[in-house]
There are 2 protein chains.
Amino acid sequence: MPTNAFPPLPPLPRLDNQLCFSVYALSRLITKAYQKLLEGLDVTYPQYLVLLLLWEHEALTVKALGNKLLLDSGTLTPLLKRMEQRGWLSRRRAAHDERSVIITILPAGRALELQAREIPLKLSVCIGITPAQVSDLHQQLQPLIKHLITK
Amino acid sequence: MPTNAFPPLPPLPRLDNQLCFSVYALSRLITKAYQKLLEGLDVTYPQYLVLLLLWEHEALTVKALGNKLLLDSGTLTPLLKRMEQRGWLSRRRAAHDERSVIITILPAGRALELQAREIPLKLSVCIGITPAQVSDLHQQLQPLIKHLITK
DNA sequence: AACCTTTTGATTGCACACAATTAAATTTTC
DNA sequence: GAAAATTTAATTGTGTGCAATCAAAAGGTT
């Protein structure tokens, strides 16, 4: 009896068993939850992430923002231009390296920080887990992110 | 001495401490990893998710696909039209309810299943965690998803 | 039957998200 | 110092992703 040249492979895992789909779905659900909390500020979730960084660092290059957010200029440039139009930040070339674009928070952008103070707390309620669980889960995701970044 | 009407609030959590950002970043990294594995099939990750469902169920309405993938018709309609153009599936109105659109897998779409067999294994290597960890993490994400869906 | 409500997809408009390419400026190499 | 390689953003094109709106069809009510 000849060996089977095409042995049956195990069936593809069902969608509802897949970790990757869960991460994908959860990410979109979280973004949607943020959108509700952020609509008072009239910012999107990716824009809020940019603001979080600028509130902390005052000024960052597009490159630095991209490194921290894992987003490239194809995403960031139009997003930052929209935020510039609203007067939240400024975009200018670096004097010492004309290739770099420096993003600086403006007073109007700084003013949003106060309004945003309650968001983390509200969101944790939205998601419905304890701070301990948040921390635990966060720790577990880090190695996956690290592993995928270096590819 | 009067009580302070505006006590200082705790600082906003740093980006690299936020679970939500980790989920968001991980989701995009996973999609990118899938894209590499899927480029031989010339499908995107969301299209692959549709195929996974059609390989299992043969035919589903747009509504049913949307329920399973947590995507609405604004996303699915153009995506399914692209897949129809490539001959992977058909779109037709249900006879008993002209509002419903039934998506049916075609032979060309079915043929992709064989080529996709190795993807789950390859991806688990890509992510770099054990099956036990995958299962564990997956279990932890379910309550968050359930909690956010019912909002 | 005529009306009302609900369900279902499609459509529209806007905002990411990223691969690939281009262009400009800097750094390295010789 | 000139040439080559690298770095950095911008641009372009394609594909999601979703809120809001529209239109058609089904089901229910009187």
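A note on names: the letters A, B, ... follow the listed sequences, proteins ahead of strands, and every chain is numbered from 1.
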Just how far, in rounded Å, is P of D:dA9 from CD of A:Glu84? 15 Å
Are any side-chain N or O atoms of A:Thr31 and backbone N or O atoms of A:Ser27, one a donor and one an acceptor, separated by less than 3.5 Å? yes
Winner on side-chain proximity to A:Arg28, out of D:dG17, D:dA25, D:dT8, is D:dG17
Integer-rounded Å distance: C:dT26 P and A:Lys63 NZ: 17 Å
On DNA chain C, check which nucleotide each of B:Lys32 and A:Glu98 is closest to and give me the residue with the more 5' one. B:Lys32
Against the side chain of A:Arg99, the closest entry in C:dA25, D:dA25, C:dA17 is C:dA25
Counting only side-chain N and O atoms of A:Thr31, is one of them less than 4.0 Å from OP1 or OP2 of D:dG17? no
Beyond-backbone contact of B:Asp97 with B:Thr61, side-chain heavy atoms, under 4.5 angstrom: no
Using modelled atom types and a 3.5 Å cut-off, is there a donor and acceptor pairing between side-chain atoms of B:Gln115 and backbone atoms of B:Leu112? no
Decide, yes or no, whether a salt bridge links B:Lys68 with B:Glu56 under the criterion of side-chain N to carboxylate O below 4.0 Å. no
Which protein N or O atoms sit under 3.5 Å from an N or O of nucleotides 10-16 of chain C?
{"unit_1": "C:dA10", "atom_1": "OP1", "unit_2": "B:Arg91", "atom_2": "NH2", "d": "2.7"}
{"unit_1": "C:dA10", "atom_1": "OP2", "unit_2": "B:Thr77", "atom_2": "OG1", "d": "2.5"}
{"unit_1": "C:dA10", "atom_1": "N7", "unit_2": "B:Ser73", "atom_2": "OG", "d": "2.9"}
{"unit_1": "C:dT11", "atom_1": "OP2", "unit_2": "B:Lys81", "atom_2": "NZ", "d": "2.7"}
{"unit_1": "C:dC16", "atom_1": "OP1", "unit_2": "A:Thr44", "atom_2": "OG1", "d": "2.6"}
{"unit_1": "C:dC16", "atom_1": "OP2", "unit_2": "A:Gln47", "atom_2": "NE2", "d": "2.8"}
{"unit_1": "C:dC16", "atom_1": "OP2", "unit_2": "A:Arg82", "atom_2": "NE", "d": "3.0"}
{"unit_1": "C:dC16", "atom_1": "OP2", "unit_2": "A:Arg82", "atom_2": "NH2", "d": "3.1"}
{"unit_1": "C:dC16", "atom_1": "O5'", "unit_2": "A:Arg82", "atom_2": "NH2", "d": "3.1"}

How long is the line joining CD1 of A:Ile102 and P of D:dT8, in whole Å? 13 Å
Calculate the interatomic distance between B:Tyr34 atom OH and D:dT16 atom P; express it in whole Å. 16 Å
Under a 4.0 Å threshold between the charged nitrogen and the carboxylate oxygen, would A:Arg92 count as salt-bridged to A:Glu84? no
Can you tell me how the ring of B:Tyr48 sits relative to the ring of B:Trp55, calling it parallel under 30°, perpendicular over 60° and tilted otherwise? perpendicular
Are side-chain heavy atoms of B:Val50 and B:Met83 found at a separation under 4.5 Å? yes
Measure the distance from CG on B:Leu69 to C1' on D:dG17 and round it to the nearest whole Å. 13 Å
For the pair made of CZ in A:Arg92 and P in D:dA10, what is the distance, rounded to whole Å? 14 Å
Please report the distance, rounded to the nearest Å, between CG in A:Leu65 and P in D:dT8. 14 Å
A:Leu71 atom CG is separated from D:dA10 atom C1', nearest whole Å, by 16 Å
